[in-house]
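This report refers to the structure that appears directly beneath it.
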Amino acid sequence: MTVKRQRHLSAAPAEVWRLVCDPSRLPEWWPGVTRVEDAGPEAWTSVLTSAKGRAVRADYTRTESQAHQRLSWRQELEETPFERILAESATEIVLKPDEGGTRVEIALRQRPRGWARFSPLQLRSAARKQLQGALDGLERAL
């Protein structure tokens, strides 16, 4: 399942790139991320806050980076609580110059596992909400 959302931002592609390519800045714009630990150019750990207020850790690895154009990463699922519901989770951000700003497209590709295979509408709805929140966060941060 792949969910995509896009938006025009009034910031230049280089400005958007500086924000999205730095994992330590995820708390500024990615929904639910309260802090980032062990952030390096290729891997990082996001600390998220659950609906019940508990800290949840998620590890990510950058899989592609084309400066000012494309960035993608995958969530490392093996031996995590996320492994029960996801076989794969990958995010891609594409930036394109667009009339005085940047067209930002974010795509979330997930392959459900276990009981999550039987609730695709819930998974898709959650993905839409997450991507919309990310675009809202980018707009606020820029």
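Quick caveat, the model's predicted, so the values are computed rather than measured. No hydrogens, no waters, no symmetry mates; every other heavy atom, side chains included, goes into these values.
- For Glu88, the salt bridge (Lys or Arg N to Asp or Glu O under 4.0 Å) test picks out Arg109, Arg111, with sequence neighbours left out.
- Scanning both residues, Ser89 and Gln110, for their nearest heavy atoms gives OG-NE2, 3.7 Å.
- The hydrophobic clustering, which links ILVMFWY residues whose side-chain heavy atoms are closer than 4.5 Å, places Val33 and Leu135 together.
- Distance SG/Cys21 to CD1/Ile93: 10.0 Å, rounded to 0.5 Å.
- Taking CG of Leu123 as the reference point, atom CZ of Arg128 lies at 10.5 Å (rounded to 0.5 Å).
- Leu48 and Trp73 fall within a single hydrophobic cluster, where Ile, Leu, Val, Met, Phe, Trp and Tyr are joined by side-chain heavy atoms under 4.5 Å apart, directly or via other members.
- Between Tyr60 and Trp44, the ring planes lie parallel to each other; the angle is under 30°, not in the 30° to 60° tilted range.
- Closest approach of Val36 to Pro27, counting heavy atoms only: CG2-CD, 3.7 Å.
- Glu105 and Lys4 get closest at one heavy-atom pair: OE2-CD, 3.8 Å.
- Side chain of Thr102 to main chain of Val104: no donor-acceptor pair is present (N/O by atom type, distance under 3.5 Å, no hydrogens or angles).
- Here the OG1 atom belonging to Thr63 is positioned 9.5 Å from the CD atom belonging to Glu42, to the nearest 0.5 angstrom.
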Enumerate, atom names and distances included, each donor-acceptor pair closer than 3.5 Å involving a side-chain atom of residues 74-86, sequence neighbours excluded.
{"residue": "Arg74", "atom": "NE", "partner": "Glu76", "partner atom": "OE2", "Å": "2.9"}
{"residue": "Arg74", "atom": "NH2", "partner": "Glu76", "partner atom": "OE2", "Å": "3.3"}
{"residue": "Glu76", "atom": "OE2", "partner": "Thr61", "partner atom": "OG1", "Å": "2.6"}
{"residue": "Thr80", "atom": "OG1", "partner": "Leu77", "partner atom": "O", "Å": "2.7"}
{"residue": "Thr80", "atom": "OG1", "partner": "Phe82", "partner atom": "N", "Å": "3.2"}
{"residue": "Glu83", "atom": "OE1", "partner": "Glu79", "partner atom": "N", "Å": "3.2"}
{"residue": "Arg84", "atom": "NE", "partner": "Pro81", "partner atom": "O", "Å": "3.4"}

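- Distance alone, capped at 3.5 Å, places no donor-acceptor pair between the Arg62 side chain and the Pro23 backbone.
- A distance of 9.0 Å separates CG of Leu95 from CG of Leu138, quoted to the nearest 0.5 Å.
- Not one N or O on the side chain of Arg5 forms a donor-acceptor pair closer than 3.5 Å with the backbone of Leu131.
- Screening residues 23-35 for side chain to side chain donor-acceptor pair (under 3.5 Å) gives Asp22-Ser24, Arg25-Glu28, Arg35-Glu37 as the qualifying pairs, with residues at least two apart or on separate chains.
- Taken together through direct or relayed side-chain contacts under 4.5 Å among Ile, Leu, Val, Met, Phe, Trp and Tyr, Leu19 and Trp17 form part of one hydrophobic cluster.
- Atoms CZ and CD, on Arg7 and Glu139 in that order, are 5.0 Å from each other to the nearest 0.5 Å.
- Taking both residues in full, the closest heavy atoms of Arg103 and His8 are given as NH1-N, 3.3 Å, listed atom of the first, atom of the second, then distance.
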